[in-house]
Amino acid sequence: QVQLVESGGGLVQAGGSLRLSCAASGRAFSSYAMAWVRQAPGKEREFVASIKWSGDYSYYTDSVRGRFTISRDNAKNAVYLEMNSLKPEDTAVYYCAAKTQWVGVPIGIEYDYWGQGTQVTVSS
């Protein structure tokens, strides 16, 4: 069983930055592909970014590429999402998610474990 706990959300003005963190339990964390998925009010969950178990490959949805950076520290069982140049349309609950038994970089919203989410609100 894997537990994921997100932190770092909050209220920020457009153009600002936030850094989300996700702390994971379990000794197998370093073998999991990890991702960030968000859900805005009244909308379906949306893939944001993902990173391979080794940390050397990542993938982003078009709307955040160049503004967001996903990274991980396997020694600390943690994954991060650095968000810059934030826009009001980035407002959502951001979820950390893990995909086990996955060699590459996952794309989409099908994951084995989810965190409880952290709210990010970007004001205009």
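Interatomic distance, CZ of Arg38 versus CD of Glu46, reported as 4.5 Å (0.5 Å rounding). Considering CZ of Phe29 and CG of Leu4, their distance stands at 8.0 Å, rounded to 0.5 Å. Atom CD1 of Ile70 sits about 5.5 Å away from atom CD1 of Ile51, to the nearest 0.5 Å. Distance check, rounded to the nearest 0.5 Å: OH of Tyr113 to NZ of Lys99 gives 12.0 Å. Taken from CE in Met34 to CG in Leu81, the straight-line distance is 11.5 Å, to the nearest 0.5 Å. For the atom pair Ser124 OG and Gln13 CD, the distance stands at 9.5 Å (nearest 0.5 Å).
In this structure, the side chains of Trp36 and Cys96 come closer than 4.5 Å at one or more pairs of heavy atoms. Residues Gln119 and Thr91 are in side-chain contact: their nearest non-hydrogen atoms beyond the backbone lie under 4.5 Å apart. Under the 4.5 Å side-chain criterion, counting only non-hydrogen atoms from C-beta, Met83 is in contact with Val120.
Around CD of Glu89, the count of heavy atoms belonging to other residues, nucleotides or ligands within 6.0 Å exceeds 12.
A donor-acceptor pair is defined here as one N or O able to donate and one able to accept, closer than 3.5 Å; such a pair exists between the side chain of Glu6 and the backbone of Gly117. One N or O on the side chain of Ser50 and one on the backbone of Pro106 form a donor-acceptor pair closer than 3.5 Å. The backbone N or O of Lys52 sits less than 3.5 Å from a side-chain atom of Arg72, completing a donor-acceptor pair. Judged by distance alone, with hydrogens and angles left aside, the side-chain atoms of Asn77 form a donor-acceptor pair with the main-chain N or O of Ala24 at under 3.5 Å. Not a single donor-acceptor pair under 3.5 Å links the side chain of Thr69 to the backbone N or O of Glu82.
Tyr95 is not connected to Trp102 by any chain of hydrophobic side-chain contacts under 4.5 Å among Ile, Leu, Val, Met, Phe, Trp and Tyr, and they are in different clusters. Tracing side-chain contacts under 4.5 Å through hydrophobic residues (I, L, V, M, F, W, Y), one never reaches Val105 starting from Val64; they form parts of separate clusters. Residue Trp114 is not grouped with residue Tyr80 when hydrophobic side chains (ILVMFWY) are merged at heavy-atom distances under 4.5 angstrom, including chains of intermediate members. In the hydrophobic clustering of ILVMFWY residues, with side-chain heavy atoms under 4.5 Å counting as a link, Val93 and Ile109 come out together. Cluster annotation: Ile107 and Tyr57 are assigned to the same hydrophobic cluster (Ile/Leu/Val/Met/Phe/Trp/Tyr, side-chain heavy-atom contacts under 4.5 Å, transitive).
Closest approach of Ser123 to Leu11, counting heavy atoms only: CB-CD1, 4.3 Å.
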- [ ] Before giving the answer on side chain to side chain contact (heavy atoms under 4.5 Å, CB included), spell out for Tyr111 and Phe47 the whole-Å C-alpha distance, their side-chain angles and the decisive distance to 0.1 Å.
- [x] CA-CA 11 Å; Tyr111 295 91; Phe47 169 84; 3.7 Å; yes
TODO: Determine, stepwise, if the pair Asp62 / Arg65 fulfils salt bridge (Lys or Arg N to Asp or Glu O under 4.0 Å).
DONE: CA-CA 5 Å; Asp62 288 345; Arg65 188 174 291 117; 2.5 Å; yes
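Applying the side chain to side chain contact (heavy atoms under 4.5 Å, CB included) rule to Ser30 yields the partners Asn74; only residues at least two apart in sequence or on another chain are considered. For Arg19, the side-chain hydrogen bond (donor to acceptor under 3.5 Å, both in side chains) criterion is met by no residue, not counting sequence neighbours.
Sorted by first and then second residue, the disulfide (SG to SG under 2.5 Å) pairs with a member in residues 45-76 form an empty list; sequence neighbours excluded.
The aromatic rings of Tyr94 and Phe68 lie tilted to each other, with the angle between the two planes from 30° to 60°.
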